[in-house]
J.: 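Sharing a structure, written as structure tokens. Questions coming.
Every chain is numbered from 1, with letters handed out A, B, ... down the list of sequences.
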Amino acid sequence: MIPFLLKFHERYDLRQTLECGQIFRFQKHNNDAQIYYIPLKDRILKIFQKNDHILEITSNKNQDLKPILSTFFRLNDDYQQIQRRISIDSLMGKILAATNGLHLLKQDVFECTISFLLSQCSNIPRITRNVNNLAEQFGTPINFDNQQFYLFPTREQLLSVSEQQYVEMGFGYRAKYIYNFVQNTPNFIKKAINLENPSKNHSKNPSENHSEILTGIELNQALQNIQGVGQKIADCVQLFGFGDLSYFPVDTWMRKFMIQHYFNDKKASIKAIRQKGQDLFGKWAGYAQEFIYHYARSYENLNNSKS
DNA sequence: ATCCAGGCATGCA
DNA sequence: TGCATGCCTGGA
């Protein structure tokens, strides 16, 4: 199979990109640190970091691979310009140097929403376990590269799953959020899913075509109308799922970092911190957030005894 | 053993 | 509007 080459003008660091916390479902190759597998929508990607600028990608399915990869890897982002804009002071310069090569990914909206619904009051290992359990129990198995993988379940595959089953999977009080989201998926989400999977859904349901494609504040409000989605999760889905780079999700890590470095008021509210992020970094606040988040977790001891 | 975690919904001032 | 509290589970 001929690998598909993705060439980046600036540096691309696959490991940082996948391990920075923006995405939960990826898998390291057993004995090659340069290779990762990612289940993406209807296929499995095998990604090899050939050098600082080239990714080699093979998949079990090559149909529409080019546009799918272009979207997922955000090939149209001007990384250099983004870095320049975010480099507002020496601290950010230091962070940009440390995270150079970390890129955002544009994830599947359905999977992204469920993943972040599961994220509240949890931690990355547990969230990863939860989403992998969902895939293994309800997703389509794919044999690829002599290994068994599982696609993230489609909405249709989850429709028959009960709230109790989610509870038994250890989702806790998040079970009802997932159940409700699957059963009552808002039209703007369905629309996003259909647009992202053009090969499916040839049969259009006319009743679902009234809704406009939401953007900006309207999209953020619509996301927060989903049970279990507040400001933070809405921002994550808007950034990672819908690809709106101007959003700046503030979780406890971001809060600690921002207060330490950019606030005199040590009790600054989430709302104020979120606003500050957008004021400082403008339309690329989302990239800034991810650089900071990864840096803060990896290199800075924010009064939290983790290494 | 408590305590709190990549928040949210609810109730109360 | 802003703040306190409970929520499932599980790891420290």
J.: Looking at A:Tyr79 versus A:Phe8, is the centre-to-centre ring distance below 6.0 Å?
T.: no

J.: Could you check how far CD of A:Glu168 sits from P of C:dG10, rounded to whole Å?
T.: 13 Å

J.: In plain terms, say whether A:Lys28 and A:Glu19 are close enough for a salt bridge, that is, a side-chain N and a carboxylate O under 4.0 Å apart.
T.: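 Yes.
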
J.: On DNA chain B, nearest-nucleotide positions of A:Ser122 versus A:Gly228: which is more 5'?
T.: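 Result: A:Ser122.
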
J.: In whole angstrom, give me the gap between the C1' atoms of C:dG10 and B:dA9.
T.: 22 Å

J.: Determine whether a donor-acceptor pair (one donor, one acceptor, N or O, separation below 3.5 Å) exists between the side chain of A:Arg126 and the base of C:dT9.
T.: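 Yes.
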
J.: Using whole Å, report how far CZ of A:Arg174 lies from P of B:dG6.
T.: 11 Å

J.: Using the side-chain heavy atoms of A:Lys271, tell me which of these nucleotides is nearest: C:dT9, B:dG6, C:dG2.
T.: C:dG2

J.: Tell me the interatomic distance from A:Tyr173, atom OH, to B:dT10, atom P, rounded to whole angstroms.
T.: 14 Å

J.: Nearest whole angstrom, please: distance from the P of B:dG7 to the CG of A:Asp235.
T.: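 Value for this atom pair: 13 Å.
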
J.: Has the side chain of A:Tyr177 got a donor or acceptor atom sitting under 3.5 Å from an opposite partner on the base of B:dG7?
T.: no

J.: At under 4.0 Å between heavy atoms, what does A:Ile226 touch on the DNA or RNA strands: base, sugar-phosphate, or nothing?
T.: sugar-phosphate

J.: Roughly how many Å is it from CG in A:Asp251 to C1' in B:dC4, rounded to a whole number?
T.: 15 Å

J.: Just say parallel, tilted or perpendicular for the rings of A:Tyr299 and A:Tyr295, cut-offs at 30° and 60°.
T.: tilted

J.: Is A:Arg255 touching bases, backbone alone, or none of the nucleic acid, heavy atoms closer than 4.0 Å?
T.: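 If one applies the 4.0 Å heavy-atom cut-off, A:Arg255 turns out to touch nothing in the nucleic acid.
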
J.: Expressed in whole Å, how much space separates the C1' atoms belonging to C:dT5 and B:dC3?
T.: 15 Å

J.: In whole angstrom, give the distance that lies between atom CD of A:Gln231 and atom C1' of C:dT1.
T.: 15 Å

J.: Below 30° counts as parallel, above 60° as perpendicular, anything between as tilted: where do the rings of A:Phe171 and A:Tyr166 land?
T.: parallel

J.: Find the distance A:Met254:CE to B:dA5:P and express it as a whole number of Å.
T.: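 Taking atom P of B:dA5 as the reference, CE of A:Met254 is at 17 Å.
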
J.: Could you check how far CD1 of A:Ile270 sits from C1' of B:dG6, rounded to whole Å?
T.: 11 Å

J.: Is the A:Tyr37 ring parallel, tilted or perpendicular to the A:Phe144 ring (thresholds 30°, 60°)?
T.: perpendicular

J.: Is A:Ile233 touching bases, backbone alone, or none of the nucleic acid, heavy atoms closer than 4.0 Å?
T.: sugar-phosphate

J.: Map A:Gln120 and A:Met169 onto DNA chain C by nearest heavy atom, then report which one ends up closer to the 5' terminus.
T.: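 Whichever sits nearer the 5' end wins; that is A:Gln120.
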
J.: Could you tell me which nucleotide pairs with C:dG10 by Watson-Crick or G-U wobble geometry, both distances under 3.5 Å, or answer none if nothing does?
T.: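 Partner of C:dG10: B:dC4.
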
J.: Can you tell which of C:dG10, B:dG6, C:dC8 lies closest to the side chain of A:Arg129?
T.: C:dG10

